[in-house]
Q: 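Dropping the structure in here first, questions after.
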Amino acid sequence: MTRAELYRQLAPETRRQRGLSGVNWVICGLILLASLTAILETEPTLREPAAALFATLETLFVALFSIEYLIRLYAVGEDVRYRGVLGRLRYMVSFWALLDLVAILPFFIGFFHQDNAFLLRLLRLARILRLARLGRFSQAWSSLSCALKTRTYELWLSAGVAGLLLLFSSACLYVVEADAQPEAFGSVPRALWWSIATLTTVGYGDVTPITPLGKIFAGLTAVSGIGLIAMPTGILAAAFSEAFRKK
C-alpha cells in the first residue's frame with residue numbers, strides 16, 4: 001500500500017466516500033475494546049484472578065496503537081503542512097497526535113513506578129481517556145469546535161456573569177450565616193463552595209443555611225442557578241445547530 005493510500009485510509013477528511021474506511025473502523029473497535037479492558041481492570045475482583053490476561057491484552061493494545069502511531073507519522077507526509085523533519089515535528093505536537101501518544105505512554109511509564117499506587121490509578125485513568133481518540137473520526141467534533149469559536153464572546157460573558165453571581169451569593173451567605181455556622185460560612189471562600197454546589201443545582205446536604213434570611217438568599221441563589229446553567233447551554237445549542245446547517 002502506498003503512502004498516499006495509507007493517508008486516505010487514516011485521514012477521514014481525505015475520503016471521497018461517506019463514512020469511515022475499513023482501517024479506521026478497526027481502529028475504533030480497538031479503542032473501544034482497550035477502554036473497556038481498562039475499565040474492567042479497575043475492579044479488584046476481576047483484576048486479581050486474571051492479572052496475566054489483563055497484562056497480555058494491554059501489551060497487545062499498546063503494540064497495535066504504537067504501530068498505528070508510527071504509520072500515521074509516516075503517512076502524514078502526504079499533507080503539505082507536515083512534510084520533512086520539521087513538518088513531522090509540527091504534527092507530533094498537534095492535538096490529535098498528542099492524544100495518540102497519551103494512548104500508549106501510560107504503559108511505559110507504569111514500568112518505572114510499579115510501587116506507586118496513586119500513580120498506577122492515574123495511569124489507568126489515562127488509558128480510559130483513549131475514548132477521546134474517537135473524536136478524530138467524527139465530524140461533530142469539528143462542528144463543536146466551530147461553534148465554540150463563533151460564540152467565544154457570549155460564552156465568556158456568561159462565565160463572567162456566573163463568577164459575579166457566585167461571589168455575590170457567597171458574600172451574602174457569609175454576612176447572614178457566619179455567626180450561626182462559622183465552620184461552613186465563616187468566610188467568603190468557605191461559603192463559595194456552598195454557592196458552587198447550589199448554583200450548579202447539585203446541592204450539598206450537610207451545608208445548608210439555618211437562619212431565615214439565609215434561607216431566603218439560598219432560595220434566590222438556587223433559582224438563579226437554573227438560569228445560570230440554561231444560558232451557556234442555549235448559546236452552545238444555537239451555535240451547534242448553525243454549524244451543522246452550514247455543513
Side-chain angles (χ1 to χ4, degrees), residues 11-15 18-20 24 28 31-32 35 39 79 81 90-91 93-103 122 125-126 128-177 184-185 187-205 207-209 214-247:
E13 65 275 10
T14 62
R15 282 174 56 80
R18 291 176 61 86
L20 297 177
N24 279 336
C28 288
I31 291 170
L32 291 172
S35 300
I39 291 169
D79 191 325
R81 297 172 297 170
R90 194 180 307 118
Y91 170 76
V93 296
S94 64
F95 176 77
W96 291 117
L98 290 174
L99 202 57
D100 291 341
L101 201 57
V102 168
L122 187 62
L125 173 63
I128 295 171
L129 292 178
R130 287 169 178 162
L131 282 171
R133 296 187 63 215
L134 293 174
R136 163 187 269 134
F137 308 110
S138 173
Q139 289 187 353
W141 184 268
S142 61
S143 298
L144 178 60
S145 176
C146 179
L148 289 173
K149 288 178 181 177
T150 57
R151 293 293 189 275
T152 301
Y153 175 77
E154 292 89 338
L155 290 171
W156 275 114
L157 180 62
S158 65
V161 172
L164 287 173
L165 191 56
L166 284 171
L167 185 60
F168 179 73
S169 65
S170 302
C172 289
L173 266 295
Y174 163 67
V175 171
V176 299
E177 290 283 330
F185 299 99
S187 67
V188 173
R190 292 184 188 183
L192 187 62
W193 167 243
W194 175 88
S195 295
I196 293 172
T198 304
L199 281 170
T200 54
T201 69
V202 175
Y204 200 68
V207 180
T208 53
K215 290 179 180 180
I216 292 173
F217 275 116
L220 292 173
T221 301
V223 172
S224 300
I226 299 172
L228 179 67
I229 297 300
M231 184 163 54
T233 303
I235 292 170
L236 279 176
F240 200 52
S241 175
E242 183 181 342
F244 261 106
R245 188 168 61 250
K246 286 179 179 179
K247 281 186 176 296

Q: From C172 SG over to L220 CG, what is the distance, rounded to the nearest 0.5 angstrom?
A: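 Going from SG on C172 over to CG on L220, the span is 9.0 Å.
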Q: Are V188 and L167 close enough that some pair of their side-chain heavy atoms sits under 4.5 Å apart?
A: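 Side-chain contact under 4.5 Å: yes.
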Q: Would you indicate whether the side-chain heavy atoms of F95 and L99 approach each other to under 4.5 Å?
A: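 SC-SC contact between L99 and F95 confirmed.
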Q: Rounded at 0.5 Å granularity, tell me how far NZ in K215 sits from CG in L173.
A: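 K215 NZ to L173 CG: 12.5 Å, rounded to 0.5 Å.
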Q: How many angstroms lie between atom CD1 of I235 and atom OG1 of T152, to the nearest 0.5 angstrom?
A: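 So the gap between those two atoms works out to 11.0 Å.
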Q: L192 and side-chain contact (heavy atoms from CB on, under 4.5 Å): which single residue from S170, S187, S169 fits?
A: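 Going through the options one by one, the only one that passes is S170.
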Q: Distance from Y174 atom OH to S195 atom OG, nearest 0.5 Å?
A: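 That separation rounds to 14.0 Å.
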Q: Between E177 and G214, which heavy-atom pair has the shortest distance, and what is it?
A: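 Result for this residue pair: OE2-CA, 3.5 Å.
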Q: Can you tell me if S35 uses its side chain to pair, donor with acceptor, with the backbone of L32 under 3.5 Å?
A: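 Such a contact is absent between S35 side chain and L32 backbone.
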